[in-house]
Amino acid sequence: MRIRSIEELRKLIEREKRRLSSYKYRIYVVSASCTHPEVTQGLLETLEASLEDIYIKDEVLVSPTGCLGVCSRGPIIRVEPGDYVYVHMTPEKARRVVYEHIIKGRPLKEYLDDNVTLFLRKQTRLVLRNVGKMNPERIEDYFAKNGYLALAKALTEMTPRQVIEEIKRSELVGRSGSAFPTGLKWEIVADMKDYPKYVIANLSEGDPGVFSNRALAEGDPHAIIEGMIIAGYAVGANKGFLYVRSDYKLALKRLRIAIEQARRYGLLGERILNSDFSFDIELISGVHEFIAGEETALISLIEGKRASPRRRPPYPATQGLWGKPTLVNNVETLANIPLIILKGAKWFAQFGIKGSKGTKVFSLVGHVKIPGLVEVPLGTKLYDIIYEIGGGIPNGHKLKYVQVGGPSGEIIPGDKLDLPIDHKLMGSGGIVVFDDRTCIVDIVKFLIEFFMEESCGYCIPCRVGLVRIYEILDRITRGQGSLKDLELLEKLCTVLRKACLCGLGRSAPIPVISTLRFFKDEYLMHIEKGICPAGKCPINKSVNER
Ligand code: SF4
Ligand code: FES
């Protein structure tokens, strides 16, 4: 059925809201990358069968849903009304949930986890607003969350310029790590008089341990699509490419379904909502390469070439895909757009701090009690994320340092946790917590090795410089480093920062630089005393052997 006007869409939205609220209970089973499809299916079938046994199947909705972000506690079932998150579910436990919670109205405390409840309650979920609360494979569920109303508002009540002004006023910046002002980027593309123009949504998410974009696509694919269509309208593009790394199979499947559904309702394709605006999306996937996250490398890849970064300027906004003006946005950035259009820039800007507005989804991993997805307003202190939400450090260990913003992010010592995470620090959204058993030199060596492997090899400072940095770090971990090596390390880092072509090479030295600033003592212990304080490096063996 094709939706022809905003009124028709509103009717559909009301109908879907009524349908969902007609259920006495709604049971959502997390069906995401962490859970084996057979396990999810088993839980869904058990719940359905238990409800059928007692003839209340029509009163209770049983539905799959996206990742709640507490993957370590899966399989998970969430029950509404209320917000009961049952962890470590089995078919047997699911049956009990039906008999106790659904029939007798007595939530089962023993299957709830207070830490998980707090973990979720203390967050501000704007981007992940619908994740865990709807079936991502049903566009009708998205309608029930006011889905596509922002698009309808933009098309019927706003000019493309007004859309751009609203985004500019919201002060939204790119969520991929670049932190470039989104409205400004849109304006540059919109100002170009060269056609056709393109929109690219980037879901290449290459940082180890970071999975927030995957969870978003698996849990709320339509939010990304709606953001893309609005972006196309604002900048004057009729074609979008949604790039997803090929190992994100479930995300790909759900995005494919979502695109087809949006087409069926006339929300993609010719003359959307009977306006003059047409837009369609092509889903593209490619073998995962870290470098494909870099926007010019991604453009090369979509053009069918090798994913190699290009020299900038010209920037993609003026000369991107096939030399045409191209807007490249990360999927999290795009998922913010419908909210800003619907609720207004002023509403959005109430979240965050001066200069860093809105929220950011972080992947909190490492030595923390509850690892998972954490969405908080920008400006939230690291301490609050790790201790108030993540529950602190397990097994009585002490926090030693935290890496914020992905593998090329700053490494922050444990005594500086009152630092608010702003747009400069957020990077790609990784927060990795390390306790006192880890060696700083060893970790930095691991990170440099990661970049060494991911470097595309195009420019010498990156290709050769990273190998030299790695060799020095390796020497230090073996007790063969010298003070001269430290000087050389600093020099090499400066060269990479200045001379590399793309962000990978330019940002790879950041962990080295920040640890030399905060943890120089630990490097010196390795070099001067031949001691690895954490006992991780091969150096300790040689000390004992001596
Ligand atoms: S900095 Fe590294 S990854 Fe970037 S273009 Fe140069 S060699 Fe390739
Ligand atoms: S809860 Fe399963 S992937 Fe996160």
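What you are looking at is a predicted structure, and each value in this text was computed from that prediction instead of being measured.
Using a 4.5 Å heavy-atom cutoff, the side chains of Leu492 and Leu466 are not in contact. Between Lys168 and Glu187 there is a side-chain heavy-atom pair separated by less than 4.5 Å. At a threshold of 4.5 Å between non-hydrogen side-chain atoms, the residues Asn115 and Phe119 do not count as touching.
We find the CD-CD1 distance between Gln123 and Ile389 to be 5.5 Å, quoted to the nearest 0.5 Å. Going from atom CG of Leu203 over to atom CD of Glu332 covers 10.5 Å, rounded to the nearest 0.5 Å. Separating the NZ atom in Lys109 from the OH atom in Tyr86 is a distance of 10.0 Å, to the nearest 0.5 Å.
Counted within 6.0 Å of OH on Tyr84, heavy atoms from surrounding residues, nucleotides or ligands total 12 or fewer; the atom is thus considered open. Within 6.0 Å of atom CZ in Arg306, 12 or fewer heavy atoms from other residues, nucleotides or ligands are found, so the atom counts as exposed in its surroundings. Other residues, nucleotides and ligands place more than 12 heavy atoms under 6.0 Å from the CD atom of Gln350.
For Thr318 (side chain) and Pro325 (main-chain N/O), no donor-acceptor pair under 3.5 Å exists by modelled atom type. Judged purely by atom type and a 3.5 angstrom limit, Ser514 uses its side chain to pair as donor or acceptor with the backbone of Ile411. Distance alone, capped at 3.5 Å, places no donor-acceptor pair between the Glu294 side chain and the Pro309 backbone. Side-chain atoms of Arg78 come within 3.5 Å of backbone atoms of Gly132 as a donor-acceptor pair (strictly under, hydrogens ignored). Listed for the Glu410 side chain is no donor-acceptor partner under 3.5 Å among the backbone atoms of Gly405. Judged purely by atom type and a 3.5 angstrom limit, Gln403 uses its side chain to pair as donor or acceptor with the backbone of Gly409.
One finds a salt bridge joining Glu471 and Arg468 here, because a Lys/Arg side-chain nitrogen approaches an Asp/Glu carboxylate oxygen to under 4.0 Å.
In terms of heavy-atom proximity, Lys369 sits nearest to Gly391 at CD-O, 3.3 Å.
The side chain to side chain contact (heavy atoms under 4.5 Å, CB included) test with Val402 is passed by exactly one of Ile431, Ile385, Val368, Leu364: Ile431.
The closest side-chain donor-acceptor pair between Tyr523 and Thr515 falls under 3.5 angstrom. Side chains of Gln480 and Arg478: a donor-acceptor N/O pair is absent below 3.5 angstrom, by distance only. Side-chain contact check for Arg254 and Ser31: at least one donor-acceptor pair (N or O, by modelled atom type) lies under 3.5 Å.
In this structure, Phe518 has its ring center at least 6.0 angstrom away from the ring center of Tyr401.
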Which is it for Ile421 and Lys360 under the side-chain contact (heavy atoms from CB on, under 4.5 Å) test, yes or no, and what are the steps along the way?
CA-CA 9 Å; Ile421 307 188; Lys360 170 82 190 125; over 6 Å; no

Acceptor/donor pairs from residues 370-383 side chains to any protein atom, 3.5 angstrom cut, sequence neighbours excluded:
residue : atom : partner : partner atom : Å
Glu375  : OE1  : Leu126  : N            : 3.3
Glu375  : OE1  : Val127  : N            : 3.3
Glu375  : OE1  : Leu128  : N            : 2.9
Glu375  : OE2  : Leu126  : N            : 2.8
Glu375  : OE2  : Val127  : N            : 2.7
Glu375  : OE2  : Thr359  : OG1          : 2.5
Thr380  : OG1  : Pro377  : O            : 2.5

Between side-chain atoms of residues 448-460 and protein atoms elsewhere (two or more places apart, or another chain), which donor-acceptor pairs fall under 3.5 Å?
residue : atom : partner : partner atom : Å
Glu454  : OE1  : Phe290  : N            : 3.3
Ser455  : OG   : Gly457  : N            : 3.1

